Amino acid sequence: MKIQAPPGMRDFYPADMRLQNWLFDAWRRVSRSFGFSEYDGPIFEFLDLFTIKSGDEIVSQLFDFEDRGGRRFAIRPEMTPTLARMVAARANSLPRPIKWFSIPRMCRAEKPQRGRLREFYQWNADILGVDDVLADAEIIAVAVAFLREVGLTPEDVVVKLSSRPIATAVLASIGIEASQADRAFQLIDRYDKLGPNEFRRQWNEAYGPDVPGERLERYLTEASLEQCLDLVAAAGEQGVAARTQFESLLAHLESFGVMPFCKFDLRIVRGLGYYTGPVFEVFGRRSELRAVLGGGRYDDLTTMLDGPRVPGVGFGMGDAPMMELLKELGKLPELEEELDIFIIDADPQLFATVQELAAALRGHGLATDFSYKRVGVSKQFKQASARGARYALVVGSEYVERRELTVKNLERGEQIIVPADDLLRAPQEALQRV
RNA sequence: GUGGGUGUAGCUCAGUUGGCUAGAGCACCAGGUUGUGGUCCUGGGGGUCGCGGGUUCGAGUCCCGUCACUCACCCCA
C-alpha cells in the first residue's frame, strides 16, 4: 500500500527547502531590521484559547483532539491567540513597545486550494502596548519592506488600507448601529466578489428596503478618501477623533516612505474577529489570488483572555499565497545547493589526503565534500559542478612532490597553485586569490 | 463540507475510430576518458497508464465508483 503526504500538506525536498529558507531568511532579515524580536509558542493549545475569541467558523476548521486525561486541545490555526496569551501573562514586566515576530507552522482543516493549504507557515509581526498610530504605520512599513526585499514594486502589489472606525461611521450615516454592523461588514468585504446586483439582493435581505444600501454602495465604489473622512467627522466627537487618527496614520506612512504602495479602500474590513482600528490587506495588482497578507489593530484581545489591556497591531503573511504570487510574477530566485569546496584526487592513492583535507577545511567552517567513488578527474569535476561547488581542489603529483594544491574557481574557470600549508592555515584567504 | 475539471516515468508531455512486448525530452545511473566541470557521444534503470470494478475477443483509450490534484462556493494566510 502506498502512503502519500496527507491532503494539503507538503513534503519539502532540498530544492523546496532552499526556497522556503530563502523566504524565511527575508522575513527574519526584515523583522530584525525594524527591531523586532523572534518568539514562538506551542504547536497546539487548549481548545478554549481559540473558541473564546473566534467562534464556530474557525472552530470547524480546527484539528482538535483529546489527551488521555480528556483535556481538549487544538493545533494552532493562527498565532494571535498564543501571542495574546504570552503577552498577557507578562504584561507588567515587558518593556514597551513590544515588537515581536514569529514564523509559526499552523494547521486548518480546510479544503486545500492553490495558495491555501491545511498546513502552512505564517509570518507574524506585531507591536503591542502602544495606542499610537505610529505603531500601525510602522507595522505596515515592515510589510512593505518585505515586499521591496523580494523585488516587488507598487506596480506589482498594493496595500489596501481602511479602518474599522471609519467603516463603522459610514454605516452609522445610513442608520446601522455598531451592534448590527457585523453582517454589513461581511457584505462590504465581499462586494467585489458578489457584484452590484447580488450585493443589493443580499443587502435588502439583511437590512430591508428602508436602509439605503445604494448610498453605501456609492461610498464603496466612488467616494474618495476625503469624502469618507468628511462623512466620518460629521458623525460627532468620536468621528472627528477617528478622522484625525487616520490622517495621522497617513502622515506616518508618508514619512516611512511607503505611501506609494498604499491605497485607501473602504471595502477592506477583515471579516469578523477582533479588529478595532486600521485594517489592511496586500494583493497582487494583476493577480486573481486572494490577499497574501492581512492585518490590523486589535485593542481588546488580551482583555478577552481576562488579562490586562494591552493594545496591539499586527499582520500575518502566509507562505503559500506569497510564494504563489511570487511565482506568478517571476520573482522566485533560482537557488542551487551551496557548497564551498569539492576536493578531487588525481590519483586514487591520494584519497586519504582528500579525506584529511576535507576534515581540516570542514573544521574551518567551509562546506566541503568529495566523490565517494575513485573515478577520473573529469568525472570528479563534473560532480563538483553538479553539486554547485564554488571551488575545486585538486590533490595530485604537485602535492606529493611539493605539498602544493591546485585551486580552481569554478565560477570564473581560473585556477592557481597554492601551498597546502597556506590553504590549511587561512583557507578563506587562499581561496580569494583565485 | 458542496459542485465542475483533470489524473500516462521523478518533471514536462506524446499515445490516431478501443488492437502486438506503452514512447520522447529533461533528470538519474554507468561507460567512452588514469589531471580539468558547467556546453560531447553511447548505453542503462525506472511505469500493475492514480486505485478498484464494469463493458468487450481485446481498455492507457469507453462506463461507474473511489482517491488525489485543481477551479468555484464557504472561509481565509
Side-chain angles (χ1 to χ4, degrees), chain A residues 1-11 13 15-16 23 27 54-62 76-80 103-125 143 186 189-190 193-194 198 270-273 280-283 288-295 314-325 336 339 342 344-350 371-400 405-415 417:
Chain A
M1 150 163 62
K2 253 188 188 169
I3 297 181
Q4 39 189 187
M9 302 197 170
R10 292 170 289 179
D11 293 320
Y13 287 87
D16 310 313
L23 181 69
W27 283 348
S54 315
D56 302 338
E57 285 149 30
I58 299 260
V59 174
S60 70
Q61 297 178 348
L62 287 176
R76 60 189 177 192
E78 57 173 331
M79 197 56 176
T80 311
I103 305 179
R105 190 174 201 155
M106 41 194 52
C107 291
R108 294 179 195 173
E110 293 186 285
K111 181 138 178 166
Q113 265 178 46
R114 184 159 78 105
R116 181 223 278 180
L117 305 167
R118 301 180 95 174
E119 181 192 40
F120 56 98
Y121 291 88
Q122 190 189 61
W123 178 35
N124 280 249
Q186 227 173 22
D189 188 44
R190 301 181 56 211
K193 206 165 252 178
L194 293 174
E198 183 61 17
R270 306 277 313 139
L272 303 173
F280 50 92
E281 294 180 350
V282 174
F283 295 86
E288 296 297 314
L289 295 167
R290 67 172 206 294
V292 297
L293 174 151
F315 67 76
M317 175 186 285
D319 66 331
M322 194 64 227
M323 286 294 208
E324 285 296 331
L325 179 62
E336 288 196 347
L339 192 64
F342 196 90
I344 292 167
D345 61 42
D347 178 348
Q349 300 283 323
L350 295 169
S371 177
Y372 268 31
K373 289 184 200 155
R374 312 290 28 99
V375 295
V377 172
S378 174
K379 281 275 189 282
Q380 292 184 66
F381 265 99
K382 206 179 274 272
Q383 289 175 25
S385 296
R387 295 290 305 280
R390 271 185 280 278
Y391 298 94
L393 203 61
V394 182
V395 186
S397 55
E398 66 272 27
Y399 183 80
V400 178
L405 296 162
T406 300
V407 180
K408 180 165 185 177
N409 182 323
L410 291 173
E411 278 145 38
R412 300 175 43 191
E414 290 168 24
Q415 64 182 48
I417 293 185

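Proteins get letters first, then strands, A, B, ... in listed order; numbering begins at 1 in each. For clarity, every value in this text was computed on a predicted model and none was experimentally measured.
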For [N], which nucleotide in any strand shown is its Watson-Crick or wobble partner with both distances under 3.5 Å?
| N | value |
| --- | --- |
| B/C13 | B/G23 |
| B/C62 | B/G54 |
| B/C69 | B/G5 |

Beyond-backbone contact of A/N124 with A/T80, side-chain heavy atoms, under 4.5 angstrom
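Contact flag for A/N124/A/T80 side chains = yes.
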
From [options], pick the nucleotide closest to the side chain of [X]?
| X | options | answer |
| --- | --- | --- |
| A/Q61 | B/C75, B/G35, B/G37 | B/C75 |
| A/K382 | B/C76, B/G38, B/U33 | B/G38 |
| A/K379 | B/G37, B/G35, B/G31 | B/G31 |
| A/F381 | B/G32, B/A77, B/U36 | B/U36 |
| A/T406 | B/A77, B/G37, B/G35 | B/G35 |

Nearest-nucleotide check on RNA chain B, A/E414 vs A/P7; residue mapping nearer the 5' end is A/E414

Restricting both atoms to N or O, compile the protein contacts to nucleotides 70-72 of chain B shorter than 3.5 Å, with distance only.
from  : atom 1 : to     : atom 2 : distance (Å)
B/C71 : OP1    : A/R114 : NE     : 3.0
B/C71 : OP2    : A/R114 : N      : 2.7

Would you indicate what A/L410 reaches in the nucleic acid, counting non-hydrogen atoms under 4.0 angstrom: base, sugar-phosphate, or nothing?
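Since a base atom lies under 4.0 Å of A/L410, the category is base.
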
What is the ring orientation for A/W123 with A/W27, classed by angle as parallel under 30°, tilted 30 to 60°, or perpendicular over 60°?
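Rings of A/W123 and A/W27: parallel, under 30°.
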
Does any donor-acceptor pair link the side chain of A/K408 with the base of B/G37 at a separation under 3.5 Å?
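Pair found.
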
Donor-acceptor pair, distance only, cut-off 3.5 Å: does the side chain of A/D11 make one with the backbone of A/Y13?
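Not at all, since once roles are kept as given, no pair shorter than 3.5 Å links the two residues.
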
